[in-house]
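Heavy atoms only: backbone and side chains are in, while hydrogens, waters and symmetry mates are out. Chain letters run A, B, ... following the sequence lines, proteins first and then strands; every chain starts at 1.
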Amino acid sequence: MAKNLVIVESPAKAKTIEGFLGKDFVVKSSFGHVRDLNKTKISVDVDNDFTPEYEISPDKKKVIADLKKVAKTADCVWLASDEDREGEAISWHLVEALNLNKKKTKRIVFHEITKTAIKKAIENPRGIDENLVSAQQARRVLDRLVGYELSPLLWKKVKPSLSAGRVQSVAVRLIVEKEEEIKNFKSVSSFRIVAEFKTADNKKTLVFKAEYPIRFSEFTDAKDFLENQIGADFQVVSIQKKPAKKSPAPPFITSTLQQEASRKLGFSVGNTMRVAQQLYESGKITYMRTDSVNLSKLALSMAKEKISGLYGDEYVKIRSFKNKVKGAQEAHEAIRPTDLNNQEINGTSEQVRLYSLIWKRTIASQMSEAKLEKTTVSISTSGANDNFKADGEVIKFDGFLKVYLEGTDEENGEKQGMLPEMNEGDQLFLHEMRARQRFTKHSPRFTEASLVKKLEELGIGRPSTYAPTISTIQRREYIIKESRPTEKNDVKLMTLKSGKITEETLQDNISSESTKLFPTDIGILVTRFLVKYFDKIMDYNFTASVEKEFDEIADGHKKWNQMIKDFYGPFHQKIVDTQENAGKFSGQRLLGIDPESGKNVYVKIGRFGPIAQIGDTESEEKPKFAGLRKTQSVETLTLEEALRLFDFPRALGNFEEKEVTVAIGRFGPYVKHDNKFVSIKQEDNPATITLARSIELIEAKRKADLEKIIRSYKEDEDVQVLKGRWGAFLKIKKQNYKLPKGTEAETLTLEDCYKIAKDPKNASKKRGGFKKKK
DNA sequence: CAGTGAGCGAGCTTCCGCTTGACTT
């Protein structure tokens with residue numbers, strides 16, 4: 001049996017380290033946290049110093065059992081979890097969960113996975129930092145109290161199953177407020193004058209652009225200006241040249257990797273992390289959840305060698321970057337290739353592309369800055385008082401630009417190009433001049449990656465939680481990721497060419513159609529509720545201020561349960577007050593009067609989502625309800641739209657002595673007959689569809705269904721073997737079953753079917769977010 | 001896109017942060 005047991009957080013790390021330490025050491029992984037508060041209850045004793053009640057996490061029972069076995073026989077257990085708040089807590093929980101003898105337990109930390117770093121760590125063990133553990137405990141307890149007291153309040157006051165928390169609720173707030181900002185944005189237009197000049201009056205010379213410094217808000221002013229330019233003289237007044245520098249961006253951390261993979265590869269945040277995990281597990285990159293931009297000495301010397309080998313010594317510039325991230329804990333290195341000699345790797349196309357991005361960014365970060373020359377040329381016109389300006393940029397030395405340039409989130413950046421050789425006093429020739437209307441644009445909506453960037457700036461969330469947080473708020477349907485068509489403006493354009501002005505109207509088409517984050521009705525409502533009653537927690541600085549207190553606890557200047565007590569007192573009081581005094585928060589809006597019944601028409605969020613309502617809830621006669629369409633919103637629904645929702649279901653008449661109705665469901669408009677549903681085709685309008693057309697659809701559907709049947713049985717008509725998208729499957733009543741491998745669908749007997757249905761392994765899972773309640 | 005098409009009431013829902021698999025579809 002091994003004399004020494006080393007425990008790290010990640011199994012991939014364990015494997016690497018074991019190679020460094022020799023046969024007296026066995027290295028195991030805890031797979032992250034091993035104990036936590038019980039999920040089913042609050043698990044914090046608020047009347048007793050907020051004592052947390054921990055248990056071994058259900059999915060870690062096996063891990064703990066395994067570690068216990070090895071620890072028992074080891075002379076010494078080395079706790080090597082990460083050197084940050086959570087890592088320290090993991091070590092402490094391991095002591096508790098494994099019942100470790102303190103005399104035989106040592107705490108070690110290292111920032112680089114190299115043999116020397118680890119040997120050095122082993123030579124310098126320490127004890128567990130109790131203060132740091134307390135700080136983590138405060139963090140954990142605070143998050144539990146906030147999450148588990150706010151969420152049930154939402155169930156009561158807004159809608160069941162909702163959730164709230166220190167991180168997710170603020171993330172949703174960002175999206176909600178961005179949308180409000182956009183709604184209130186007033187676009188103004190102005191005319192921008194751009195001229196294209198040539199240095200000589202012949203076709204070969206380079207055409208370059210220059211802009212007039214004044215923009216005209218009125219069309220007529222712009223037109224006057226252009227008219228004055230007909231036949232004007234243009235002359236170079238001055239040429240200014242200025243050297244400039246550009247420096248490379250720091251190596252990747254989790255958030256910047258997510259942003260660049262989104263901008264350059266179109267990856268979602270979740271996808272980036274999944275692929276990065278694969279690269280990490282196969283040993284190709286360092287750990288992908290990090291907030292440190294630091295590179296190890298080993299990496300730096302590898303980079304130096306690689307850069308001078310590929311591009312020459314003048315391209316090398318070794319740098320160390322400073323961390324800008326608020327509350328960074330820097331337990332790891334930056335994200336980089338483990339071996340910079342591997343410029344490319346084999347793997348899936350996603351892996352290849354993400355790796356290449358990481359390689360380039362790492363290499364570029366250690367390369368010299370680019371040297372540029374910026375040129376500004378002033379051009380006078382005899383047709384106006386101000387001078388046109390042309391900006392050019394020439395790269396004198398490319399430096400890191402040879403490899404990598406960081407992307408931006410701006411939607412239309414204009415590239416500056418080359419300018420031809422010119423001298424002061426030169427006459428210029430007008431090729432063309434345009435006055436183009438421009439509309440100011442609202443700031444862009446968040447993408448997943450730009451939301452992460454914002455959260456990081458606010459110090460909210462951690463590298464390991466960015467991706468999960470974003471998927472949580474989408475799963476809860478607080479926000480939705482989609483591309484919506486942007487409204488287009490008609491843009492006026494005047495062109496002066498060859499002494500003549502022409503006018504035209506174009507469609508403004510610069511808006512990007514990429515997927516963005518939008519708030520849902522529920523997201524908006526929950527945010528309003530929380531901002532109204534819990535402004536402190538919804539404050540963008542809340543996390544930053546509690547982080548400060550966590551730091552004080554870590555420094556030993558504050559007791560963790562005192563901090564929690566100070567927070568919890570007023571917080572809990574607010575929960576109780578709101579519980580008792582606040583009414584139901586439905587976002588109800590009165591839209592007007594139903595002309596048919598004279599009753600009030602409302603729109604609000606009901607127990608099952610957004611609904612329209614005719615009649616008052618308090619009145620004797622029950623109100624009528626109708627759910628909103630997917631594309632409609634509580635915020636914007638009009639009276640007419642609400643009334644139209646009550647047009648369905650509409651009876652069309654009878655077919656085969658049974659009623660045919662048309663309605664609109666979750667999957668769009670449908671015709672219902674004899675308990676069977678038939679989707680209406682795109683070209684059919686549910687408001688005007690006729691009985692005859694409906695019968696056509698019903699019969700077409702019957703025919704299609706018949707063709708799907710592989711086998712059916714007279715003895716039990718509920719049982720069918722059907723042809724599906726992924727091959728044959730079995731259907732009994734409403735439940736589907738998959739057929740075991742190798743089953744001959746064509747020859748199945750009824751008994752075979754029953755047997756298949758009995759095996760729970762074959763039951764198909766219900767998909768979709770909708771749960772049936774009966 | 002295999003099929004699906006809630007609705008007055010039983011019980012359940014929920015946080016953040018650390019780490020991977022186990023399910024297939």
Side-chain angles (χ1 to χ4, degrees), chain A residues 8-14 29-37 39-44 57 59-60 63 81-82 84-87 89-90 93 136 139-156 159-169 274 277 280-281 287 289 329 331 460-466 468-469 472 476 543 606-609 611 617 622 625-627 649 663-672 675-679 705 708 720 722-731 734-738 761 764-768 770-774:
Chain A
V8 294
E9 290 182 37
S10 143
K13 203 164 161 181
S29 157
S30 77
F31 294 82
H33 273 296
V34 292
R35 296 204 311 175
D36 194 13
L37 305 169
K39 217 162 76 77
T40 60
K41 49 182 205 263
I42 194 107
S43 305
V44 174
S57 311
D59 58 329
K60 298 295 160 54
V63 174
S81 49
D82 298 344
D84 58 16
R85 202 161 64 203
E86 298 298 326
I90 288 174
H93 279 299
Q136 191 275 345
R139 200 281 302 154
R140 182 68 191 92
V141 167
L142 178 93
D143 283 336
R144 172 52 67 93
L145 292 173
V146 168
Y148 273 43
E149 292 210 355
L150 274 183
S151 301
L153 189 66
L154 289 179
W155 305 343
K156 274 224 169 76
K159 188 173 172 291
S161 301
L162 296 174
S163 66
R166 175 177 58 82
V167 172
Q168 60 168 285
S169 297
R274 195 175 48 76
Q277 176 91 30
Y280 169 66
E281 281 173 15
Y287 197 58
R289 290 186 278 260
Q329 306 201 3
I460 299 171
R462 304 277 313 126
S464 67
T465 59
Y466 295 137
T469 299
T472 298
R476 296 245 175 279
T543 290
R607 187 157 149 69
F608 302 100
I611 47 170
T617 318
K622 269 199 176 173
F625 296 102
I664 294 171
R666 288 196 289 139
F667 313 107
Y670 64 92
V671 169
K672 190 178 174 190
N675 270 325
K676 290 199 174 75
F677 298 85
V678 185
S679 285
D705 281 348
K708 269 188 260 172
Q720 288 181 320
L722 301 173
K723 204 188 298 173
R725 170 121 148 67
W726 294 294
F729 69 102
L730 172 64
K731 180 176 176 175
K734 292 217 151 176
Q735 177 74 47
N736 294 342
Y737 304 88
K738 61 182 186 207
K761 264 205 281 193
S764 72
K765 269 188 231 146
K766 282 258 179 255
R767 302 208 302 134
F770 159 71
K771 279 170 267 158
K772 199 165 195 159
K773 289 167 194 169
K774 265 245 161 92

Does a side-chain N-to-carboxylate-O contact under 4.0 Å join A:D82 and A:K13? yes
B:dA10 to B:dA6 separation - C1' atoms, rounded to the nearest Å: 16 Å
Not counting sequence neighbours, which residues clear side-chain contact (heavy atoms from CB on, under 4.5 Å) with A:L145? List them please. A:I42, A:V44, A:V46, A:F50, A:V141, A:I564, A:Y568
Between B:dT19 and B:dC23, how many Å separate the two P atoms, rounded to a whole number? 24 Å
Output all residues satisfying salt bridge (charged side-chain N to carboxylate O under 4.0 Å, His left out) with A:K41, sequence neighbours left out; order by chain, then residue number. A:E53
Quote, to the nearest angstrom, the P distance that separates B:dT4 from B:dC8. 22 Å
Contacts of A:S29 that satisfy side chain to side chain donor-acceptor pair (under 3.5 Å) - sequence neighbours left out: none
Side chain to side chain donor-acceptor pair (under 3.5 Å) with A:D36: which residues, sequence neighbours excluded? A:R140
Nearest-Å distance once atom C1' is located in both B:dG3 and B:dT25: 15 Å
Non-neighbouring partners of A:R35 that pass side chain to side chain donor-acceptor pair (under 3.5 Å), sequence neighbours left out: A:H93
A:P11 near the nucleic acid: base, sugar-phosphate alone, or nothing, with a heavy-atom cut-off under 4.0 Å? sugar-phosphate
Checking A:R476 now: which residues fulfil salt bridge (charged side-chain N to carboxylate O under 4.0 Å, His left out) with it, not counting sequence neighbours? none
Symbol by symbol from the 5' end, with Watson-Crick or G-U pairs under 3.5 Å, [ ] crossing and | another strand, DNA chain B is .........................
Between B:dT20 atom C1' and A:Q277 atom CD, what is the distance in whole Å? 7 Å
Determine, for nucleotides 13-18 of chain B in 5'-to-3' order, which nucleotides have protein heavy atoms under 4.0 Å from the base (write B), from only the sugar-phosphate (write S), or from neither (write -). BBBBBB
Work out how far the P atom of B:dG11 is from that of B:dC15, and round it to whole angstrom. 23 Å
Say we look at B:dA2 and B:dT24: how far apart would their C1' atoms be, to the nearest angstrom? 15 Å
Checking A:Q136 now: which residues fulfil side chain to side chain donor-acceptor pair (under 3.5 Å) with it, not counting sequence neighbours? A:E86
For A:Y280, which contact category applies under a 4.0 Å heavy-atom criterion: base, sugar-phosphate, or nothing? sugar-phosphate
Can you check whether A:S163 reaches A:Q168 side chain to side chain, under 4.5 Å on heavy atoms? yes
